[in-house]
Amino acid sequence: MTSKTVAQLLKADFKSEDIDIKGWVRTFRANRFIALNDGSSLQNIQCVVDFENTDEKTLKRITTGAAVHIKGQLIESQGKGQSVEIQVEKIVILGDSDPETFPIQPKKHSFEFLRENAHLRTRTNTFSAVMRLRSTLSFAIHKYFNENGFYYMHTPIITGSDAEGAGEMFRVSALDPKNPPLTEDGEVDYKQDFFGKETNLTVSGQLEAEAYAMSLGKVYTFGPTFRAENSNTSRHLAEFWMIEPEVAFMDLAGNMDLAEDFLKSVLKYVLEHNREDLEFLEQRLLDEEKSKPQADRSELNLIDKLKFVIENNFKRVSYTEAIDILKDSKPNKKKQFKYTIEEWGTDLQSEHERFLVEKHFKCPVILFDYPANIKAFYMRLNEDGKTVRAMDILFPGIGEMVGGSQREERLDVLKEKMRALNIDEEELWWYLELRKYGTAVHSGFGLGFERLVMFVTGMGNIRDVIPFPRTPHNADF
Ligand code: 4AD
Ligand code: MG
């Protein structure tokens, strides 16, 4: 008796074998054919029930969503659509599923409805495919760094510093919210809080990763990060996962090379390992886009799009060049952008980024050397005194996928910058000491994991690529 998964059974060339399998009923047709799924594959395995020799009560309990245990024979299929099937000899209902109330019926459900049923949505083909891909991508990321000499480090989730400035933070406190201790000035006295100071959930592990890069050489983090911005968009989450490599002795050019090689490598890995899920999602996207006007449809199918990114160089463009392109662009001249680009120094909005990648270059673009005053304090100042060695990687359909930079390694320049921005030196004393003892050129970047999963799966809303999304006014499940 073998206990194999559906994926293994469908792949195997063995026949006439004793089978023992557990899974969930997707459909039960003609009182005879169960489509059984156990999560191991997009495909169901057909299980043929000998209904004449199965009692009526049991037959009635074989309903969509029920968990069942089946014993039988794996045989060559008599019907079309599958090569093997299971001839059921014994079926035990492990868990009933009332067909009147089970939300996931064998029909098309809207993504909004499925979000409200996020605990059950992986019982569908789309969400099980997305989440299998998400898992494979995570593995591919760890594999890439492991094979390239990086150490995986865990940076703190709770942070006592709010200096990074990457976004609004969520406070972490153990004080009684109804009756907090107050200072003489009537402010909440965080000295009496759990950590003896104000603490928040982290927006990034970068600063701590820098400390480790400056001793272990090459490190990366892959963990949850939290931002309390009220951005209710299809690309923002309040809790998302970020991958942040940080490398000593690497400059901005090396950082771009690393990011590009890394992205191509993980895309290649999923193409090789999750073909079936990708093909399914490609078809889903085609069906979805049928209802859109031609101009809004993707030029490439999902898999060709992934191949295109793997096979072509990312376009590297300085912020200054990008501004020139945008200034001269049709939508800018015709005032079709919500924010018209008038002068050097303005921050790019997502409409501008999307114009550059989707209309102008039609490929992933690495924008670099941004104006210092629109980027974080820690970025390395260029010799021109007004730009910093920052880079953002923009992807078609996604916008900003990666944000990174070469870090300011000169103590005096960093201190000067912090003074100008009113960042407390005492709070970041340890970060400054990294510049005092054995400082060196170093760089890193942050990749928003869910944005990568969106790109790979072709899903249009970031809420549909993370198991239980956290967004403004939503922390269910
Ligand atoms: O550009 P960001 O803010 O960069 C940092 O946090 C740096 N400390 C990274 C580094 O250099 N180590 O964020 C990095 C990436 C963005 O490019 C985007 O892909 C993603 O994180 N991201 C979000 N993803 C989902 N929801 C949000 N609210 C996000 N904010 C940023
Ligand atoms: Mg950014």
Side-chain angles (χ1 to χ4, degrees), residues 134 137 141 145 150 153 155-156 159 161-170 201-213 218-247 250 252 254-256 258-259 262-263 319 347-350 353 357 364-368 370-371 374-380 388-395 397-408 431 442-456 459 461-466 469-472 474:
R134 184 178 164 110
L137 272 170
I141 288 164
F145 287 124
F150 284 72
M153 77 170 285
T155 48
T159 173
S161 126
D162 64 355
E164 221 219 298
E168 296 294 308
M169 304 182 98
F170 290 101
L201 292 179
T202 189
V203 293
S204 154
Q206 178 197 322
L207 304 191
E208 289 89 355
E210 281 187 55
Y212 268 47
K218 298 203 255 183
V219 299
Y220 74 104
T221 71
F222 186 169
T225 47
F226 308 87
R227 299 193 184 179
E229 307 144 278
N230 206 349
S231 355
N232 225 330
T233 78
S234 58
R235 290 180 180 75
H236 288 88
L237 291 165
E239 176 180 288
F240 65 99
W241 288 68
M242 186 153 56
I243 295 103
E244 295 183 277
E246 192 70 33
V247 182
M250 186 177 76
L252 187 65
N255 206 18
M256 293 187 208
L258 172 66
F262 162 65
L263 281 163
Y319 166 89
D347 204 355
L348 299 181
Q349 303 294 325
S350 66
E353 296 177 342
V357 281
V365 173
I366 311 184
L367 284 185
F368 63 93
Y370 281 76
I374 59 170
K375 287 291 183 188
F377 76 96
Y378 51 70
M379 296 188 181
R380 176 64 155 80
V388 285
R389 287 185 196 159
M391 65 167 199
D392 275 7
I393 304 186
L394 314 176
F395 262 57
I398 303 291
E400 183 187 331
M401 177 84 89
V402 165
S405 67
Q406 185 176 320
R407 320 304 189 189
E408 185 54 76
Y431 189 71
H442 63 289
S443 304
F445 62 83
L447 167 76
F449 184 53
E450 284 73 22
R451 299 213 178 151
L452 178 65
V453 183
M454 284 177 81
F455 183 73
V456 167
M459 298 296 279
N461 193 317
I462 200 163
R463 292 166 177 81
D464 297 331
V465 299
I466 186 165
R470 270 80 182 97
T471 49
N474 173 36

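All ligand and atom numbering here is 1-based and tracks the order in the structure.
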Residue pair Phe395 / Val357, side-chain heavy-atom distance below 4.5 Å: no
Val203 N/O under 3.5 Å from ligand 1 N/O: no
Residue part near ligand 1, for His236, under 4.0 Å between non-hydrogen atoms: both
Proximal atoms of ligand 1 relative to Tyr378 (non-hydrogen, under 4.0 Å): 7 (C), 8 (N)
Heavy atom of Glu400, distance to ligand 1 below 4.0 Å: yes
Atoms in ligand 1 with a heavy atom of Gly448 nearer than 4.0 Å: 15 (C), 19 (O), 20 (C), 21 (O)
Residue Glu400, metal the Mg ion (ligand 2), N/O/S under 2.8 Å: yes
Ser204 N/O to ligand 1 N/O under 3.5 Å: yes
Expected output: side-chain Thr225 to main-chain Thr202 donor-acceptor under 3.5 Å: no
Side-chain donor or acceptor of Arg227 paired with backbone N/O of Val203 under 3.5 Å: yes
Short side-chain to backbone donor-acceptor contact, Arg235 and Arg451, under 3.5 Å: no
Distance filter under 4.0 Å to Met242 heavy atoms, resulting ligand 1 atoms: 6 (O), 13 (O), 14 (C), 15 (C), 21 (O)
Gln406 side chain to Met250 backbone, donor-acceptor under 3.5 Å: no
Nitrogen or oxygen atoms of Ser405 and ligand 1 under 3.5 Å apart: no
Pairwise distance CE(Met153) to OG1(Thr221) - rounded to 0.5 angstrom: 7.5 Å
Atoms in ligand 1 flagged as close to Gly403, the criterion being non-hydrogen separation under 4.0 Å: 1 (O), 9 (C), 10 (C), 11 (O), 17 (O)
Val402: numbered ligand 1 atoms lying under 4.0 Å from its heavy atoms: 17 (O)
For Arg235, atoms of ligand 1 separated by under 4.0 Å from a heavy atom: 25 (C), 26 (N)
Heavy-atom nearest neighbour of atom 6 (O) of ligand 1 within options Met454, Gln206, Arg227, Glu244: Arg227
Option nearest atom 28 (N) of ligand 1 (shortest heavy-atom distance, choices Ile393, Leu237, Leu394, Thr225): Leu237
Test item, Arg407 contacting ligand 1 (heavy atom, 4.0 angstrom): yes
Residue Gly404 vicinity, atoms of ligand 1 by number, heavy atom under 4.0 Å: 11 (O)
Mode of Phe240 contact toward ligand 1 - side chain, backbone, both, neither (heavy atoms, under 4.0 Å): side chain
Parallel, tilted or perpendicular: ring planes of Phe222 versus Trp241, cut at 30 and 60 degrees: perpendicular
Residue-ligand contact Ile462/ligand 1, heavy atom below 4.0 Å: yes
Between OH on residue Tyr431 and CD on residue Glu210, distance to nearest 0.5 Å: 3.0 Å
Close side-chain approach of Arg389 and Asn255, heavy atoms under 4.5 Å: no
Flag, side chain of Arg380 to backbone of Ser405, donor-acceptor distance under 3.5 Å: no
Main-chain N/O of Val453 paired with Arg134 side-chain donor or acceptor, under 3.5 Å: no
